[in-house]
Amino acid sequence: MAGSPVAPALANGPAVACETESTKIPMKTGIIGLPQVGKTSLFKILTRADISHRSNNPREAHIGIATVPDDRLDRLAAQCNPRKLVHAQVEFADCGAIGQEALKETAYLSNLRGVDALVHVVRVFADDSIPHAAGSIDPVRDISNVEFDLMVSDLGQVESRLERMKKDLLKKKTPELEKENELLLRAKAFLETERPLREMEMTKEEKKVVRGFMFLSEKPILYVLNISESTTLGVDLEAAVDKYGLAAYAAKPNTGVSAICGKVEAELADMSDEEAAEFLGSYGLTESGLARLIRKSYELLGLISFFTVGEDECRAWTIEKHTRAQDAAGAIHTDLQKHFIRAETVHWDTLLELGSEAAARAAGKLRLEGKDYIVQDGDILHIRHSG
Ligand SMILES: Nc1nc2c(ncn2[C@@H]2O[C@H](COP(=O)(O)OP(=O)(O)O)[C@@H](O)[C@H]2O)c(=O)[nH]1
Ligand SMILES: [Mg+2]
């Protein structure tokens with residue numbers, strides 16, 4: 001990505017309306033971790049939420065919305081000068097400290113079950129004035145412990161569901177029940193070997209059934225190492241995953257790893273775009289950890305963006321990977337999906353290069369795609385529809 005990292009196009013680009021409009025939030029990410037690791041601090045800067053006035057009940061999740069930074073959209077907006085610029089968004093929930101006890105509480109559990117993915121904040125930063133739940137810095141240990149708690153909770157749920165199913169199967173055997181029973185037995189065996197369900201191979205159909213149970217260890221997870229501030233922060237962030245033994249985690253299915261310096265991110269949050277870019281540069285960084293983290297959780301959720309551009313509005317729309325053009329149109333409006341004819345399509349960088357949709361059309365670069373076209377990340381769509 002070119003240019004300065006923090007909303008580069010906007011810094012010197014067009015004046016645009018702020019993004020206050022309510023949009024459909026497709027996915028929610030839950031922030032979990034041991035006590036005093038920086039969850040709430042991270043949540044606040046992610047969502048720019050002021051939660052000081054909220055309740056102190058530790059079991060009440062804070063919910064907030066983060067804007068997904070997108071340099072591509074910023075550059076398109078700088079070119080077409082729209083009245084409105086709307087980035088994609090994801091929802092975050094600060095779920096509170098995790099542990100065996102918390103996981104037995106209905107409120108905590110239901111908050112956690114309701115999210116689509118997890119961000120597990122792991123403490124690396126050293127600060128003697130802030131006690132560590134386990135007494136020392138050891139990310140792999142902390143991750144294993146939390147993972148274990150998630151799996152124990154799931155195992156309990158699997159077992160009670162299997163119990164009930166035994167009775168149902170005695171009453172009446174249906175192919176669906178038998179299939180579900182078989183799947184749960186497989187999940188049980190998997191958990192008993194201390195492997196989280198997100199690593200279990202499943203067909204699309206099985207995955208759908210399992211999703212219905214909202215198992216905790218099945219959710220995609222991003223481990224985020226919260227490291228100390230240092231003069232060599234850029235290098236330290238780069239090296240953190242290896243240094244703390246997390247490289248092997250990155251290769252696991254539905255799993256991501258990242259590092260952040262909460263303290264620096266908190267300072268960045270109060271700066272202007274120019275100040276932030278300069279500050280990041282002084283640490284040898286080209287983008288904020290926050291931007292990277294939001295993008296990574298977006299990816300982990302299997303989400304991509306397509307754009308619509310125009311004088312009125314430049315906007316990112318969130319869809320799952322492998323979405324057909326007709327279904328993608330539904331992200332904008334159900335009528336567009338229903339009356340879909342075709343999608344005039346051009347990739348974002350082609351449009352940027354050619355300067356406008358009209359120029360792209362003149363150059364023969366606007367493709368006419370039908371309803372079964374699989375929309376790509378960064379496509380610009382113009383939906384043609386009847387009625
Ligand atoms: N030194 C340092 N302190 C931090 C960092 N992140 C959070 N803290 C401090 O750690 C304490 C706990 O942070 P908090 O976000 O409430 O943690 P939570 O219990 O996980 O929600 C607070 O005093 C924070 O100021 C960090 O990156 N570096
Ligand atoms: Mg907290």
Side-chain angles (χ1 to χ4, degrees), residues 28-64 66 91-103 105 107-109 111-112 115 118-139 141-143 145-147 149-150 221-241 243-244 246 257-271 276 279-280 283 285 288-294 297:
K28 192 194 278 184
T29 300
I31 302 174
I32 60 165
L34 297 174
Q36 311 273 51
V37 297
K39 299 181 297 298
T40 302
S41 311
L42 184 62
F43 171 80
K44 282 189 203 165
I45 48 179
L46 271 170
T47 59
R48 298 176 182 269
D50 173 18
I51 55 173
S52 50
H53 61 285
R54 299 253 193 104
S55 125
N56 279 327
N57 178 357
R59 292 291 165 258
E60 192 179 305
H62 299 120
I63 313 282
E91 198 172 309
F92 282 90
D94 178 10
C95 294
I98 200 165
Q100 299 254 357
E101 287 312 310
L103 286 169
E105 291 172 29
Y108 185 82
L109 205 52
N111 278 336
L112 214 50
V115 305
L118 299 171
V119 164
H120 179 180
V121 183
V122 184
R123 170 134 169 217
V124 173
F125 70 82
D127 191 331
D128 292 338
S129 66
I130 302 162
H132 188 296
S136 63
I137 305 297
D138 184 348
R141 175 203 59 206
D142 292 350
I143 286 174
N145 287 348
V146 169
E147 198 82 327
D149 292 346
L150 298 179
I221 196 163
L222 179 65
Y223 299 112
V224 177
L225 296 172
N226 189 5
I227 75 170
S228 292
E229 200 178 359
S230 75
T231 49
T232 53
L233 188 61
V235 179
D236 293 352
L237 284 169
E238 194 89 15
V241 168
K243 183 172 173 192
Y244 294 101
L246 257 62
V257 290
S258 191
I260 198 167
C261 175
K263 203 158 195 179
V264 166
E265 296 299 329
E267 288 172 41
L268 280 169
D270 292 330
M271 294 181 191
F279 185 73
L280 283 167
Y283 279 109
L285 294 167
S288 81
L290 212 55
R292 203 170 50 228
L293 190 149
I294 297 173
S297 44

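Just so you know, ligand 1 is whichever comes first in the structure, and atom 1 is the first atom listed for that ligand.
Between Leu246 and Leu225 the shortest side-chain heavy-atom distance falls below 4.5 Å. Within the 4.5 Å cutoff, side-chain heavy atoms of Glu91 are placed close to those of Ile63. Using a 4.5 Å heavy-atom threshold, the side chains of Pro139 and Arg123 count as separate.
In summary, the atoms of ligand 1 found under 4.0 Å from a heavy atom of Asp127, numbered by their order in the structure, are 1 (N). Here is the list of ligand 1 atoms found below 4.0 Å of a heavy atom in Gly262: 27 (O). Atoms of ligand 1 lying under 4.0 Å from at least one heavy atom of Val37, given by number and element, are 17 (O), 18 (P), 20 (O).
The protein non-hydrogen atom at the shortest distance from atom 15 (O) of ligand 1 is Ser41 OG, 2.5 Å. Ranking protein heavy atoms by distance to atom 10 (O) of ligand 1, first place goes to Ile130 CD1, 3.3 Å. Protein heavy atom closest to atom 16 (O) of ligand 1, with residue, atom name and distance, is Thr40 CB, 4.0 Å. With hydrogens left out, the protein atom closest to atom 17 (O) of ligand 1 is Gly38 N, 3.1 Å, a heavy atom. Protein heavy atom at the shortest distance from atom 6 (N) of ligand 1 is Asn226 ND2, 3.5 Å. Taking atom 12 (C) of ligand 1 as the reference point, the nearest protein heavy-atom neighbour is Gln36 OE1, 3.3 Å. When only non-hydrogen protein atoms are considered, atom 8 (N) of ligand 1 lies nearest to Phe125 CZ, 3.7 Å.
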- Task: Determine, step by step, whether Leu103 and Leu109 satisfy the side chain to side chain contact (heavy atoms under 4.5 Å, CB included) criterion, reporting the C-alpha distance in whole Å, the side-chain angles of both residues, the deciding distance to 0.1 Å, and the verdict.
- Result: CA-CA 6 Å; Leu103 286 169; Leu109 205 52; 3.8 Å; yes
- Determine, step by step, whether Leu42 and Glu265 satisfy the side chain to side chain contact (heavy atoms under 4.5 Å, CB included) criterion, reporting the C-alpha distance in whole Å, the side-chain angles of both residues, the deciding distance to 0.1 Å, and the verdict. CA-CA 8 Å; Leu42 184 62; Glu265 296 299 329; 5.7 Å; no
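Within 6.0 Å of the CD atom in Glu238, the count of heavy atoms belonging to other residues, nucleotides or ligands does not exceed 12.
Side-chain contact, Asp127 with Ser129: a donor N or O sits under 3.5 Å from an acceptor N or O. Between the side chains of Asp142 and His132, a donor-acceptor pair is found at a separation under 3.5 Å.
Residue Ser41: no N/O/S atom is found under 2.8 Å from the Mg ion (ligand 2).
Distance check on atom 19 (O) of ligand 1: some protein heavy atom falls below the 4.0 Å cut-off.
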